[in-house]
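Throughout, protein chains are lettered first and strands after them, A, B, ... in sequence-line order, and every chain is numbered starting at 1. What you are looking at is a predicted structure, and each value in this text was computed from that prediction instead of being measured.
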2 protein chains.
Amino acid sequence: MSSQSPTAADLIANHGGRVTRTRVAVVDALDASDHPLTHDEVAANLSEADVPHDRVTLYRALDWLVDKGIAHRVAGSDRAWRYGIVREAPHQHAHFHCSRCGNVFCLEQVQPAFAIALPGGYQLDRAELILHGVCPSCLLTVHAEPTPPGPR
Amino acid sequence: MSSQSPTAADLIANHGGRVTRTRVAVVDALDASDHPLTHDEVAANLSEADVPHDRVTLYRALDWLVDKGIAHRVAGSDRAWRYGIVREAPHQHAHFHCSRCGNVFCLEQVQPAFAIALPGGYQLDRAELILHGVCPSCLLTVHAEPTPPGPR
DNA sequence: TTCATAATGCAACATTGTAGCGTTAACTGT
DNA sequence: ACAGTTAACGCTACAATGTTGCATTATGAA
Ligand SMILES: [Mn+2]
Ligand SMILES: [Mn+2]
Ligand SMILES: [Zn+2]
Ligand SMILES: [Zn+2]
């Protein structure tokens, strides 16, 4: 779907995977979204595009994409993972959780690259920074509607 | 159980709640632990102390404690909440997730108080900093046992 | 002691995700 | 173009974590 960036099929094939209906549709769905989607949101997306799919297959497709580094996974505060296309080499940035619409946004500008003074004895692998608040689009409607689209 | 700090019963009563068997036992369990516990771990703790309890009541007791600010809740990467006693006024510090034993530790020394440059349009309420790695006690046994106690 | 109701205990249900396993279809090699 | 291999699918069952409804209990107050 993207112009000069590799197609979904190429992305999948280049990682040694078989190009299947569900995988292609998932990559396209994640790529078209400006924020990471839950399994359920991806499923709804596929249904809307009339792509037949199975719940479990969808879980496995998402897992595979994450495993290959094509997508990344962010924990939501509603204990549902969000999946997003990896747009920068090493996916390392903060995430913003909107408490109003429940959406998660990648803040590629905000990198948790500060020196962390660990108490000692701890071996640090990775830092995860999650910002909670209200997203721009919710701020615009915060005075109008009481509970816009999303869950929670 | 603590000496000069308020007893569990007092803590509960002072927040306008009824002092019940389960609530007292939960507060004691959380207070005795050096790290936040899952619902399941608290349940095991109560069982060990021969405190009869119900699964749902336990969930409700934990929710109530969080609501009153007596306990705080940390999201685990295994999508099970961890509950810990609030030991400092406003609970605001980083948490360490051990990828080996699965335990979560409160790092009261590490406060995410850096100025975050948000992309604009976002309204920040709260920053959550989660550090992933191996905890001190796991580091000691990392060469001996393959998979010590905890889950995941 | 009595009373109002907060809190409990139980059963049923919801959500998110996994495991097993027979079947299908995507690629490979000819 | 065809056949064979096997990755991936699709289905059913199951697991883990948490929630909802409602009748019953027992806490704290009068
Ligand atoms: Mn991201
Ligand atoms: Mn903490
Ligand atoms: Zn929002
Ligand atoms: Zn550990």
Side-chain angles (χ1 to χ4, degrees), chain A residues 7-27 36-47 51-68 70-71 73-83 97 102 104 150-152, chain B residues 7-27 36-47 51-68 70-71 73-83 97 102 104 150-152:
Chain A
T7 70
D10 285 346
L11 246 185
I12 294 162
N14 290 344
H15 282 84
R18 292 188 180 175
V19 178
T20 65
R21 188 182 62 208
T22 303
R23 281 184 183 165
V24 170
V26 169
V27 169
L37 303 176
T38 63
H39 168 276
D40 225 43
E41 289 168 334
V42 174
N45 208 308
L46 296 211
S47 293
V51 177
H53 60 281
D54 175 75
R55 228 171 62 86
V56 177
T57 300
L58 186 45
Y59 273 115
R60 292 198 269 233
L62 290 166
D63 283 349
W64 184 85
L65 291 174
V66 170
D67 192 57
K68 296 304 177 187
I70 298 173
R73 227 168 52 148
V74 192
S77 41
D78 55 355
R79 80 182 178 295
W81 294 105
R82 315 296 158 118
Y83 300 84
H97 288 225
V104 173
R152 180 191 255 298
Chain B
T7 69
D10 286 345
L11 246 185
I12 294 163
N14 290 343
H15 282 83
R18 291 187 180 176
V19 177
T20 65
R21 188 182 62 209
T22 302
R23 281 184 184 166
V24 171
V26 169
V27 168
L37 303 176
T38 63
H39 168 277
D40 226 42
E41 289 167 334
V42 174
N45 209 306
L46 297 210
S47 294
V51 177
H53 61 279
D54 176 76
R55 230 172 61 87
V56 176
T57 300
L58 186 45
Y59 273 115
R60 291 198 270 232
L62 290 166
D63 282 349
W64 185 84
L65 291 173
V66 170
D67 192 56
K68 295 306 177 186
I70 298 173
R73 228 169 50 150
V74 191
S77 41
D78 55 355
R79 79 181 181 293
W81 294 105
R82 316 294 159 119
Y83 299 85
H97 289 223
V104 172
R152 189 194 257 300

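The interatomic distance linking L58(B) (CG) with dG18(D) (P) rounds to 10 Å, in whole Å. Look at CG on L46(A): it is 15 Å from C1' on dG10(D), rounded to the nearest Å.
When each of dG9(C), dT27(D), dT18(C) is scored by its nearest atom to the side-chain atoms of R18(B), the top-ranked nucleotide is dT27(D). Side chain of R21(A), nearest nucleotide from dG10(D), dG17(C), dA8(D): dG10(D). Considering only the side chain of Y59(A), dT18(C) comes nearest among dT18(C), dC9(D), dT20(D). Among the nucleotides dC10(C), dA8(D), dG10(D), the one closest to the side chain of T20(A) is dA8(D). Nearest to the side chain of V19(B), among dG28(D), dG9(C), dG17(C), sits dG28(D). Distances from the side chain of R55(A) to the nucleotides dT18(C), dC11(D), dG9(C) place dT18(C) closest. The side chain of R23(B) lies closest to dT8(C), out of dA8(D), dT8(C), dC9(D).
Residue-level contact check: T57(A) touches the bases, meaning some heavy atom is under 4.0 Å from a base atom. Contacts of R60(A) with the nucleic acid, taken as non-hydrogen atoms under 4.0 Å apart, include base atoms.
Shown here are the side chain to side chain contact (heavy atoms under 4.5 Å, CB included) partners of A9(B), two or more places apart in sequence or in another chain: T7(B), V19(B).
In this structure, G16(A) and G17(B) both approach DNA chain D, and ranking their closest nucleotides by distance from the 5' end singles out G16(A).
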